[in-house]
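Just so you know, residue 1 is the first one in the sequence shown, and it goes up from there. Just so it is clear, the values below take in all heavy atoms, side chains as well, and ignore hydrogens, waters and symmetry mates.
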Amino acid sequence: MCRNIVPLNNLEPAATDQECQDAALQFVRKISGSNAPSRANQAVFDRAIAEIAASTRRLLDDLVTSAPPKNRAQEAAKRQARSADRYEAIRVFQEQKRAARATG
């Protein structure tokens with residue numbers, strides 16, 4: 001899953017239309033392999049974003065759950081902690097690689 005797309009279901013307060021739009025933009029960028037489309041593809045890119053955002057909104061509005069809503073701040077903190085762990089692991093790996101090159 002694209003790391004920039006965050007779960008939007010069952011949040012308190014509920015996901016906004018802008019968050020649905022942002023997730024759709026990230027999704028289209030990921031599957032198209034393009035951060036910014038050419039002029040020739042701009043309309044297709046924009047249409048895909050609008051359709052996916054609308055589908056996302058409908059999905060979130062129609063989902064039902066008995067679980068209590070998730071706290072946005074706690075969910076963000078969890079994401080930040082996972083990201084910090086990931087980057088720390090990368091940093092350690094790179095240091096080990098540099099050390100191995102220096103001694104070998």
Can you tell me if [X] uses its side chain to pair, donor with acceptor, with the backbone of [Y] under 3.5 Å?
X: R72; Y: P13; value: yes
X: E19; Y: T16; value: yes
X: R57; Y: Q21; value: no

Let me know which of T56, L59, D61, I52 forms a side-chain contact (heavy atoms from CB on, under 4.5 Å) with C20.
->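 Answer to the side-chain contact (heavy atoms from CB on, under 4.5 Å) test with C20 among T56, L59, D61, I52: T56.
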So, D22 and Q18: side-chain donor and acceptor under 3.5 Å apart, yes or no?
->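 Side-chain D/A pair, D22 to Q18: present.
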[X] [atom1] to [Y] [atom2] distance, which is reported to the nearest 0.5 Å:
X: N35; Y: Q26; atom1: CG; atom2: CD; value: 7.5 Å
X: S34; Y: N41; atom1: OG; atom2: CG; value: 7.5 Å
X: L8; Y: K70; atom1: CG; atom2: NZ; value: 10.0 Å

Is a salt bridge present between E95 and R91, judged by a nitrogen-to-oxygen distance below 4.0 Å?
->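 Salt bridge flag = yes for R91 with E95.
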Look at D62 together with R58 and state whether they make a salt bridge at an N to O cut-off of under 4.0 Å.
->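 No.
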Out of curiosity, does F45 fall in the hydrophobic cluster containing I31 (side-chain heavy atoms, cut-off under 4.5 Å, transitive links)?
->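 As far as the 4.5 Å side-chain criterion goes, F45 and I31 are connected within one cluster.
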For residues A67 and N10, report the shortest heavy-atom separation together with the two atoms involved.
->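 Closest heavy-atom pair between A67 and N10: O-ND2, 3.5 Å.
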Name each donor-acceptor pair under 3.5 Å that joins a side chain in residues 97-104 to protein atoms two or more places apart or in another chain, with its distance.
residue, atom, partner, partner atom, Å
T103, OG1, A99, O, 3.2
T103, OG1, A100, O, 3.4

